[in-house]
> 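Got a structure for you, questions after.
Here is the naming used below: chain letters follow the sequence lines, and residue numbers restart at 1 for every chain. As the structure is a computational prediction, the values presented were derived from the model and not from experiment.
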Amino acid sequence: MSTSVSQTSIPKHFDPASVEEKWYRFWEENGFFHSEPDDRESYTVVIPPPNVTGVLHMGHMLNNTIQDVLVRRARMLGKNACWVPGTDHASIATEAKVVQKLRKEGITKADLTREEFLEHAWEWTDEHGGIILQQLRKLGASCDWERTRFTLEDDLYESVIDCFIELYDRGYIYRGKRMINWDPEAQTALSDEEVIHREEQSKLYHVRYRIKNSAEWVTIATTRPETILADTAVCVHPEDERYQNLIGKTAIIPIVEREVPVIADEYVDMEYGTGCLKITPAHDENDYQIGQKHDLEIIDMLNPDGTLSEAAEHYIGSDRFEARQRIIDELEEREQLVDTEKINNKIGYSERTDAVIEPRLSLQWFCRMDELSRPAHENVMNDNIQFHPAKFKNSYNHWMENIRDWCISRQLWWGQRIPAWYYGHGKDDYVIAKTENEALEKAREKSGTPSLGRDDIRQDEDVLDTWFSSWLWPITVFDGIKDPDNEEINYYYPTDDLVTAPEIMFFWVARMIIAGYEFRNEKPFSNVYYTGIVRDSQRRKMSKSLGNSPDPIKLMEQYGADGVRAGMLFSSPAGNDLLFEEQLCEQGRNFANKIWNAFRFLSMNKKEETDYSPELRIDESNLVDRWMFSRLHETIDAINNDMESFRINEALHKIYSLIWDDFCDWYIELIKADERGAKIPADRLARGLNFFEQLMKLLHPFMPFITEEIWQHIRPRETGEAMIVASWPQFDSTAVSEDDQALFGTIQRIISAVRNIRAEFKMSPNDEIELLINAKDKQTEEAFRQNSWIFEKLQTIARFEVKAGLSKPGTSASAVVEGSEIFVPLEGFVDIEKERERIQKEINRLEGFLKSVEGKLSNEGFINNAPEAVVQREQNKKQDTETNLEKLRGILSELTA
RNA sequence: GGGCGAUUAACUCAGCGGUUUAGAGUGCUUCCCUUACAAGGAAGAAGUCGCAGGUUCGAAUCCUGCAUCGCCCA
């Protein structure tokens with residue numbers, strides 16, 4: 001055995017750790033990730049910006065792997081690929097974290113001025129921000145890091161404020177008192193989208209209220225008995241016969257002993273509860289509507305932190321849930337609690353703090369959506385912007401048709417501060433202005449008080465919803481708001497593909513589309529690829545709180561970034577959830593190792609480390625070359641189609657199978673040297689390595705590190721010849737030959753049949769056999785004869801004979817493959833009974849098949865209606881099967897010994 | 001309550017335009033450390049494609065209903 005240097009220097013197992021950092025630095029340092037506008041076609045992706053203080057989780061892994069696959073392929077296709085990374089300031093989440101950290105240090109937010117608090121927040125951001133971006137590098141993400149943006153940096157801040165002012169001027173933004181979703185933990189308003197509704201088992205309390213000046217009672221049902229303290233009416237359905245006599249009377253609220261009217265409204269559902277509703281206009285959206293209609297008093301009984309306010313009169317200062325229990329107890333004591341019913345109802349929780357949401361009447365800023373959203377609605381429905389998979393158009397459509405105004409103010413400090421300035425206490429005593437000076441001027445004018453000074457105006461304390469900044473992301477990363485006609489925005493916008501989770505379709509995707517049309521009069525991207533949600537084996541969503549998510553960094557250390565990438569993509573078609581198991585990564589790692597060893601083997605066969613020069617032409621006289629060439633191009637075409645329709649896992653499966661099943665299992669086996677220990681002849685090796693290079697190109701978007709490593713090893717390359725910028729293989733339809741593939745396929749099946757015989761009769765691969773083939777016809781005989789070397793290479797054969805009309809030798813194991821009879825003489829070896837069983841089994845299989853084919857052909861409807869080609873195909877199948885069966889039966893009859 | 005989706009081998013999943021008695025990975029059985037790879041090779045077993053109807057020459061695939069599960073919205 002030869003012991004060349006190369007053979008010993010390449011390790012048997014691929015070690016990802018040793019190459020990943022090296023190549024990542026190489027790519028980055030040589031500017032391959034960086035994009036500048038030029039003459040080429042642009043391909044642009046903006047990253048869904050992760051929370052600035054977040055850490056990488058499996059969802060990011062999947063999402064960013066997919067983006068990287070798209071971007072790398074586009075780059076190889078010669079496009080000017082630009083993937084813009086960045087982070088989101090995530091106001092609620094980040095502010096909550098900072099508040100928590102300060103609390104540990106004994107500082108409460110109330111002790112600090114806004115400026116002091118923001119200093120702490122920035123400190124925190126500087127410390128933790130960007131960790132996630134560092135982690136993305138480990139994954140191989142080919143982002144243009146020079147373009148990294150942050151939603152709260154100065155330029156983006158200013159852009160958001162400009163947009164607010166613009167929308168205000170266009171009449172879309174208004175300030176209004178509305179029922180909003182209040183998060184008592186974060187002490188801020190939330191948009192409807194930030195509330196998660198969960199169905200829970202809870203109780204419906206039936207409470208009776210006394211009717212004034214009467215012995216009568218009226219029984220209401222409520223799930224939130226504490227709000228009784230703020231009731232200002234009792235309501236029944238106007239047609240409810242049970243309660244006709246009560247309408248117009250006065251009921252007395254228990255505990256507070258307040259007198260309230262009994263009113264009638266069609267809103268009441270007579271079937272639900274007692275059919276009698278208590279009305280609390282300050283703490284329920286629907287009650288508020290009824291309150292407005294009937295001009296009811298509004299009593300706000302809650303403090304911002306969820307404790308009871310003075311207005312509650314009782315239990316002042318106690319928490320809402322504590323108060324609930326105490327009120328239940330008191331009602332029971334007073335014998336006014338008549339029943340407790342178990343029911344399922346939906347309870348809203350804060351997406352960020354998980355606190356139970358309180359509907360609360362509050363003065364907030366809103367963005368009117370009806371008109372604004374129209375182009376965004378249309379252009380998705382008409383496929384101007386395509387969703388992948390398209391099924392998500394349905395939910396988009398539904399949301400758009402029922403779109404509600406967007407509550408955009410948040411009672412937080414971390415974010416873009418609302419540019420509203422108040423000069424009085426009246427509802428309209430404010431101006432919208434970019435600067436204090438401008439505000440002062442406007443305020444003087446609007447109020448008609450030229451003497452107003454700086455101290456007379458104060459800016460709104462609140463900030464804007466984070467999504468009000470990220471909806472501009474595809475525009476602001478190219479400074480398209482501040483500088484609407486700059487070269488970059490004109491070149492990169494609209495971007496091409498957006499990869500994100502369906503969970504944020506409304507939060508983000510829909511709003512980006514809205515902003516795109518409003519501020520650029522153009523879509524922000526052409527395709528939206530929705531990934532699935534990464535779940536654990538129990539189908540639970542992976543989350544930090546459950547602790548069921550593996551640490552992606554550790555996973556990559558264990559299986560290699562390539563292994564994890566491939567593992568995640570194997571089973572995650574667009575929009576389908578991914579049940580993540582480490583086994584998937586194992587499959588990816590094993591694949592990398594397989595490729596590594598194919599490379600190692602080919603390298604071992606080079607005479608010198610550097611003696612390889614590519615041979616781009618195949619050996620036309622060699623069936624194996626022609627077959628591999630055909631398979632390669634067939635696959636290039638298929639992968640291109642898959643990628644263009646975002647079937648990324650399909651594309652990966654195809655390249656996986658081409659490399660492993662075709663190239664490793666057959667092609668490499670067949671280019672091996674004829675003699676033991678000898679090297680592969682140089683010309684064969686050159687062609688083999690050329691195929692290998694093409695395969696590495698096709699795989700590169702999926703597994704960037706190992707492909708670059710091998711690419712650079714195969715032969716010396718200039719920096720500009722790196723894999724990352726290599727050209728994507730061009731599909732050549734003339735390379736695809738059905739005949740070559742059919743012939744090679746037949747040979748493969750004959751080899752398999754022989755292997756099966758060996759296995760059945762417990763022969764070792766090294767036992768010499770004779771292989772005799774009675775070819776179907778002269779033409780087949782000639783084809784097999786020409787390619788006899790293939791049989792001899794893959795089997796240990798003492799004698800090979802092929803002839804049309806060859807008669808069956810004495811005792812032998814047999815098989816029939818596509819009309820040709822295969823004989824392996826096994827004097828003394830063969831167990832006749834066993835051979836009979838084998839043949840009989842095959843006969844049974846073919847008979848079953850024949851029956852189904854005959855079934856079709858005997859159906860007149862099929863003959864008359866099916867396309868001619870289909871009928872013809874069935875007829876061919878019938879004939880072929882009959883021929884095979886006939887031969888097998890002949891073989892079987894001779895076995896009656 | 002409204003909408004969307006899923007149900008395919010023991011497990012996790014593909015299956016795009018209707019037509020080789022349904023594919024992959026894992027697991028399982030048998031054999032093999034055969035001149036790269038045991039993280040490997042060879043052979044094999046394994047599925048009435050959730051149920052019931054319908055359309056069609058032909059249905060895992062299209063339609064309707066049902067069951068179970070999931071997601072989104074109110």
> Distance check, P atoms only: rA43(B) and rU48(B), in whole angstrom units.
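Between the two P atoms, the distance is 25 Å.
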> Quick check for you: among rA36(B), rU20(B), rA38(B), whose closest atom lies nearest to any side-chain atom of I668(A)?
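Selected nucleotide (nearest to the side chain): rA36(B).
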> Please give the distance between the C1' atoms of rC73(B) and rU55(B) as a whole number of Å.
34 Å
> Remember a base hit wins even if backbone is also touched, and classify P502(A) as base, sugar-phosphate or nothing at under 4.0 Å, heavy atoms.
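Since no nucleic acid heavy atom lies under 4.0 Å of P502(A), the category is nothing.
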> Both distances below 3.5 Å, Watson-Crick or wobble geometry, any strand: find the nucleotide opposite rA6(B).
rU68(B)
> Has N590(A) got a side-chain N or O lying under 4.0 Å from the OP1 or OP2 atom of rG40(B)?
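Yes, such a contact exists.
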> Show your reasoning for whether side-chain hydrogen bond (donor to acceptor under 3.5 Å, both in side chains) applies to R589(A) and Q558(A).
CA-CA 9 Å; R589(A) 179 200 61 180; Q558(A) 204 175 344; over 6 Å; no
> Can you find a side chain N or O atom of K12(A) that sits less than 4.0 Å from OP1 or OP2 on rC37(B)?
yes
> Counting heavy atoms from C-beta on, name the nucleotide in rC57(B), rG15(B), rG40(B) closest to the side chain of E650(A).
rG15(B)
> Looking across every strand, which nucleic acid part, if any, lies under 4.0 Å from E586(A) by heavy atom: base, sugar-phosphate, or nothing?
nothing
> Quote, to the nearest angstrom, the C1' distance that separates rG47(B) from rC57(B).
26 Å
> rC72(B), rA43(B), rC16(B): which one has an atom nearest the side-chain heavy atoms of R755(A)?
rA43(B)
> The side chain of N859(A) is closest to which nucleotide in this list: rA43(B), rU35(B), rC57(B)?
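Minimum distance to the N859(A) side chain belongs to rC57(B).
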> Could you give the distance separating rA36(B) and rC28(B) at their P atoms, to the nearest angstrom?
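The answer is 26 Å between these two P atoms.
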> Is the gap between the ring centers of Y656(A) and F570(A) under 6.0 Å?
yes
> Compare the minimum distances between each of rA38(B), rA42(B), rU19(B) and the side chain of D665(A), then state the nucleotide with the smallest one.
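The listed nucleotide nearest to D665(A)'s side chain is rA42(B).
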> What's F570(A) touching, base or sugar-phosphate or nothing? Going by heavy atoms closer than 4.0 Å.
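No contact.
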> Would you mind classifying the nucleic acid contact of E675(A) as base, sugar-phosphate or nothing, using non-hydrogen atoms under 4.0 angstrom?
base
> Can you confirm whether or not the ring centre of H388(A) sits under 6.0 Å from the ring centre of Y530(A)?
no
> Suppose you measure atom P in rG50(B) against the same atom in rG15(B); what distance do you get, rounded to whole Å?
14 Å
> From rG41(B), rU26(B), rC57(B), pick the nucleotide closest to the side chain of K594(A)?
rG41(B)
> Using a 4.0 Å heavy-atom cut-off, does K841(A) contact any base of the nucleic acid, only the sugar-phosphate backbone, or nothing at all?
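The answer is sugar-phosphate, as K841(A) gets under 4.0 Å only of primed atoms, P, OP1 or OP2.
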> Going from CH2 on W666(A) to CG on L794(A), what distance comes out if it is rounded to the nearest 0.5 angstrom?
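Reported value, rounded in 0.5 Å steps: 6.0 Å.
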> Would you say W399(A) reaches rC4(B)'s phosphate, i.e. side-chain N/O to OP1/OP2 under 4.0 Å?
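No, outside the criterion.
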> Rounded to whole Å, how long is the line connecting atom CD of Q587(A) with atom P of rG27(B)?
10 Å
> Searching all strands shown, indicate the nucleotide that pairs with rA39(B) (Watson-Crick or G-U wobble; both distances under 3.5 Å).
none
> Check the phosphate of rU20(B) against K877(A), side-chain N and O only, distance under 4.0 Å to OP1 or OP2. Yes or no?
yes
> CG of L584(A) versus P of rG25(B): gap in Å, rounded?
13 Å
> Reckon R600(A) has a side-chain N or O less than 4.0 Å from the OP1 or OP2 of rA36(B)?
no
> Salt bridge check: are R715(A) and E693(A) linked by an N-O gap of less than 4.0 Å?
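Counted as a salt bridge, because a side-chain N and a carboxylate O are separated by less than 4.0 Å.
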> When both hydrogen-bonding distances must be under 3.5 Å and the geometry is Watson-Crick or G-U wobble, what is rA60(B) paired with, if anything?
none
> Specify the separation, in whole Å, of atom CD1 of I710(A) and atom P of rA36(B).
17 Å
> Does a side-chain N or O from S752(A) land closer than 4.0 Å to OP1 or OP2 of rA43(B), or not?
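So the side-chain polar atoms of S752(A) do come within 4.0 Å of the phosphate oxygens OP1 or OP2 of rA43(B), strictly under.
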> Less than 6.0 angstrom separating the ring centers of F599(A) and W596(A), yes or no?
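Yes, close enough.
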> Counting only Watson-Crick pairs (N1-N3 plus N6-O4 or O6-N4) and G-U wobbles (N1-O2, O6-N3), all under 3.5 Å, who is the partner of rC13(B)?
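In the structure as shown, rC13(B) has rG23(B) as its Watson-Crick or wobble partner.
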> Using a 4.0 Å heavy-atom cut-off across all strands, classify E669(A) as base, sugar-phosphate, or nothing.
base
> Counting any heavy atom closer than 4.0 Å, what does K391(A) reach on the DNA or RNA strands: base, sugar-phosphate only, or nothing?
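Result for K391(A) = sugar-phosphate.
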> For F14(A), does the six-membered ring have the charged nitrogen or CZ of K594(A) within the cation-pi criterion, i.e. under 6.0 angstrom from the centroid and within 45° of the normal?
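No.
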> Find the distance R758(A):CZ to rG41(B):P and express it as a whole number of Å.
19 Å
> Which nucleotide in the set rC57(B), rA43(B), rC16(B) lies at the smallest distance from any side-chain heavy atom of F862(A)?
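Minimum distance to the F862(A) side chain belongs to rC57(B).
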> Please state the C1' separation for the pair rA39(B) and rG3(B) - nearest whole angstrom.
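Here rA39(B) and rG3(B) have their C1' atoms 46 Å from each other.
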> Without decimals, in angstroms, what is the distance between E837(A) CD and rA43(B) P?
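Rounded to whole Å, this separation is 21 Å.
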> Would you indicate what I680(A) reaches in the nucleic acid, counting non-hydrogen atoms under 4.0 angstrom: base, sugar-phosphate, or nothing?
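It contacts nothing in the nucleic acid.
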> Only pairs with both distances under 3.5 Å count, Watson-Crick or wobble alike; so what is the partner of rU34(B) in this structure?
none
> Nearest heavy atom decides the nucleotide; on that basis, is G848(A) or Y656(A) closer to the 5' end of RNA chain B?
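It is G848(A) whose nearest nucleotide is closer to the 5' end.
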> Distance from I706(A) atom CD1 to E20(A) atom CD, nearest 0.5 Å?
10.0 Å
> Quick one: does L826(A)'s side chain get under 4.5 Å of S812(A)'s, heavy atoms only?
no
> Whole Å only: how far is the CD atom of E582(A) from the P atom of rA39(B)?
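For the pair E582(A) CD and rA39(B) P, the rounded distance is 17 Å.
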> Could you let me know what rA46(B) is paired to, Watson-Crick or G-U wobble, both distances under 3.5 Å, or none if it's on its own?
none
> Of the nucleotides rU19(B), rU20(B), rU34(B), which one has an atom closest to the side chain of N766(A)?
rU34(B)
> Does rC57(B) have OP1 or OP2 sitting under 4.0 Å from an N or O in the side chain of N865(A)?
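True: N865(A) side-chain N/O within range (under 4.0 Å) of rC57(B) OP1/OP2.
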> Nearest whole angstrom, please: distance from the P of rC4(B) to the CZ of F387(A).
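For the pair F387(A) CZ and rC4(B) P, the rounded distance is 16 Å.
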> Between rG44(B) and rA38(B), how many Å separate the two P atoms, rounded to a whole number?
24 Å
> Which one, rU26(B), rA36(B), rC57(B), comes nearest to the side chain of N597(A)?
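Side chain of N597(A) sits closest to rA36(B).
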> Could you check which of rU26(B), rG25(B), rG44(B) has an atom nearest any side-chain atom of N756(A)?
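Closest of the options to the side chain of N756(A): rG44(B).
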> Send over the distance from H653(A) NE2 to rU26(B) P, rounded to a whole Å.
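It works out to 10 Å between those atoms.
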